[in-house]
Number of protein chains: 2
Amino acid sequence: MSTRLLIVEDDENLRETLADFLELEDFIVEQAATVAEAKPILESATIDLAVLDIMLPDGDGYELSQWIRNQSIETRILMLTARGLEKDVVEGFESGADDYVSKPYRSKELLMRIKALLRRPVAVVETNTIEINGRTVDWRSMTAKYNDDELHLTSRAFSILKLLLEHKNEVLSREAILDACWGKDVYVDNRTIDNFISNLKKQFDLTHDNSYYIKSVRGVGYCLMNERKNT
Amino acid sequence: MSTRLLIVEDDENLRETLADFLELEDFIVEQAATVAEAKPILESATIDLAVLDIMLPDGDGYELSQWIRNQSIETRILMLTARGLEKDVVEGFESGADDYVSKPYRSKELLMRIKALLRRPVAVVETNTIEINGRTVDWRSMTAKYNDDELHLTSRAFSILKLLLEHKNEVLSREAILDACWGKDVYVDNRTIDNFISNLKKQFDLTHDNSYYIKSVRGVGYCLMNERKNT
DNA sequence: AGGCTTATGACAAACCCATGACAATTCCTT
DNA sequence: AAGGAATTGTCATGGGTTTGTCATAAGCCT
């Protein structure tokens, strides 16, 4: 797993020195001297971290940083610049930078800052939890909680609950539930489902005066209702 | 959504000043003057970012930072300290910090750095050692200790423990565990896994009344549970 | 061979969950 | 509107499956 860095800096001497140093640390280093050169490299979406100088021949680092964020390009941004006044630093962060280092930089410190940024995920973590009548359901760990006490749900109960949620506000016949949660060629009494539904109702309080509730449709099956409330 | 910060700093004057400043920015600010005071607050797992001083009456910020990472407490760490030599900065990052600011700090810059850290998800740090229910596991040396006596763990036990940790709070089927720890084309009885799990449970006391515990999911597999906050 | 790791078998314990029973509800017929 | 039939809610239970754990055999590396 190789990590790709991009250095945007117009002073060739400085850029090469830094690139050499970082390559020794096993990074793959791309280089750009201008904003125009940098953009296509960033658009290739393979850069894990970009080191930006402020003053560039055809623009400045703040604009480039903002451009990166506006494009939703997923990369970390470290500003490396001679301007160390507080207002410069603040402007750097405001343009979307993750870190700001003033020149002359101390190479070991810069390396540590780069590594610290790379430790942090770029993407936002997706949530695997859903809330039903105040209970929190976590599909990954197959747990459900109501104010810190765990509800007891078996894997079959989970699969039924999931099916109902995937088809909320839609009536599901007992046959459909059986097919989906037990399998097509399994021979089980329909009444078994009623027990699971009863259990779910009890644990999640799926009664009519809650925002989620289960409606039973006589002769057909069940329907998980979710009325959205007026806000 | 309120963001909670923790300031660990023994100089009361400085701490209060910083706290007031950050409260004006709508953060909820907790305070601690010592390592001993800080730990229980961090363990409550509600701190989004901790500002650590280095010199504390009963320890130092580096140790506290390492402790946070070893405990797998999910928080960002910003070191704020009078020691600005490069080796101090490097040591700060090596102990797991996400940012390092030297005193005297510039308040607007500090604020921007705090916000920059909060913009991103919490860092994933691979530490050499991790703590599970009071046992210390060292991945490099493949050893585990409980108050100075070594636990006996075989390499296969280690690989299963590691897999469970990498997927904590996620149910792993026996097949998935086999594929990951034995290999795709190895045919081993599923019950073998149960024995290793049983052994791990015994050695690490992975019972339900501990912060780490193994949940068995009937018909599916196992899940290493570890309390975490909902985001 | 010998020590250590790992796989398997065996047995008890725990746990689902499918089913039946009965009460409660709904629907339909009259 | 009332009675009856069908359907659903829910509890209790037994059987069968799955899991916890110990004991033992099979590999495996020196």
Side-chain angles (χ1 to χ4, degrees), chain A residues 142-144 150-164 171-183 185-210 213-225, chain B residues 142-144 150-164 171-183 185-210 213-225:
Chain A
M142 300 226 309
T143 50
E150 289 206 5
L151 305 184
H152 188 67
L153 289 181
T154 65
S155 55
R156 182 131 307 157
F158 263 99
S159 86
I160 294 174
L161 179 60
K162 199 172 176 189
L163 182 73
L164 290 172
V171 180
L172 290 169
S173 70
R174 292 192 175 70
E175 289 70 32
I177 297 173
L178 270 184
D179 284 355
C181 300
W182 272 259
D185 38 327
V186 179
Y187 200 61
V188 176
D189 196 313
N190 275 355
R191 301 306 317 284
T192 300
I193 295 170
D194 299 9
N195 282 286
F196 279 99
I197 296 290
S198 167
N199 179 39
L200 285 176
K201 273 188 195 169
K202 199 191 300 174
Q203 301 227 46
F204 288 90
D205 193 27
L206 295 163
T207 54
H208 194 282
D209 38 46
N210 266 319
Y213 64 97
I214 286 181
K215 186 177 67 164
S216 82
V217 182
R218 194 181 171 85
V220 184
Y222 296 96
C223 179
L224 178 65
M225 304 294 292
Chain B
M142 297 235 303
T143 51
E150 287 219 355
L151 303 184
H152 186 68
L153 287 181
T154 65
S155 60
R156 181 86 12 120
F158 262 99
S159 89
I160 294 174
L161 179 60
K162 198 170 176 193
L163 181 73
L164 290 172
V171 177
L172 292 170
S173 69
R174 292 192 174 71
E175 288 69 34
I177 297 174
L178 271 185
D179 284 356
C181 299
W182 273 261
D185 43 352
V186 179
Y187 294 102
V188 175
D189 197 311
N190 274 356
R191 301 307 318 285
T192 301
I193 295 169
D194 299 11
N195 283 283
F196 279 100
I197 295 288
S198 168
N199 180 40
L200 285 175
K201 272 188 195 168
K202 201 190 299 174
Q203 301 228 42
F204 288 90
D205 193 27
L206 295 163
T207 55
H208 194 283
D209 38 46
N210 266 319
Y213 64 96
I214 287 181
K215 185 179 72 157
S216 83
V217 182
R218 194 183 171 86
V220 184
Y222 295 96
C223 179
L224 178 66
M225 302 291 296

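Rounded to a whole Å, the OH atom of A:Y213 is 14 Å from the P atom of D:dG9. Rounded to whole angstrom, the span from the CD1 atom of A:I160 across to the C1' atom of C:dA18 amounts to 12 Å. Atom-to-atom, CG of A:D194 to P of C:dC22 comes out at 18 Å; the value is rounded to the nearest Å. Regarding A:R156, its CZ atom lies at a distance of 18 Å from the P atom of C:dC15, rounded to whole Å. Look at CD on B:E175: it is 12 Å from P on D:dT18, rounded to the nearest Å. Summarising the geometry, the separation between CZ on A:F196 and C1' on D:dT10 is reported as 14 Å, rounded to the nearest angstrom. When rounded to the nearest whole Å, the span between CD1 of A:I193 and P of D:dT10 equals 16 Å. Here the P atom of nucleotide D:dT18 and the CD1 atom of B:I214 are 20 Å apart, to the nearest Å.
Between B:K201 and D:dG20 there is a side-chain polar atom (N or O) within less than 4.0 angstrom of OP1 or OP2. The side chain of A:S198 contributes no N or O atom lying less than 4.0 Å from OP1 or OP2 of D:dC11. Listed pair B:H152 / C:dT5 meets the phosphate criterion, a side-chain N or O lying under 4.0 Å from OP1 or OP2. In terms of phosphate contacts, B:S216 brings no side-chain nitrogen or oxygen within less than 4.0 Å of OP1 or OP2 of C:dA14. In this structure, A:T154 reaches the C:dC17 phosphate: one of its side-chain N or O atoms is under 4.0 Å from OP1 or OP2. Checking the phosphate oxygens (OP1, OP2) of D:dT19, no side-chain nitrogen or oxygen of B:K215 falls inside 4.0 Å. Distances shorter than 4.0 Å separate none of the side-chain N or O atoms of A:W182 from OP1 or OP2 on C:dC17.
Nucleic acid contact class of A:R191 (heavy atoms, under 4.0 Å, all strands): base. Across all strands, A:V217 comes closer than 4.0 Å only to sugar-phosphate atoms, never to a base (heavy-atom distances). Backbone-only engagement by B:D189 is indicated by non-hydrogen atom pairs under 4.0 Å involving sugar-phosphate atoms exclusively. B:T192 comes within contact range of at least one nucleobase, with a heavy-atom separation under 4.0 Å. Within the nucleic acid shown, B:N195 comes within 4.0 Å of at least one base atom, counting heavy atoms only.
Comparing B:N190 and B:R218 along DNA chain C, the residue whose closest nucleotide (by nearest heavy atom) sits nearer the 5' end is B:N190. Residues A:G221 and B:Y222 each lie close to DNA chain D; by heavy-atom proximity, the contact nearer the 5' end of the strand is made by A:G221.
Note: B:H208 and B:Y213 have tilted aromatic rings, judged against thresholds of 30 and 60 degrees for the angle between ring planes.
Heavy-atom minimum distance, B:N190 versus B:D194: O-OD1, 3.6 Å.
When each of B:I160, B:I177, B:L178, B:V220 is tested with B:L172 by the rule side chain to side chain contact (heavy atoms under 4.5 Å, CB included), just one qualifies, namely B:I177.
A heavy-atom distance below 4.5 Å is not found between the side chains of A:I197 and A:S216. Considering only heavy atoms from C-beta on, B:R218 stays 4.5 Å or farther from A:T154 through its side chain.
Closest to the side chain of A:V188, out of C:dA18, C:dA7, D:dG20, is C:dA18.
Summarising the local packing, NZ of B:K201 is surrounded by more than 12 heavy atoms from other residues, nucleotides or ligands at distances under 6.0 Å.
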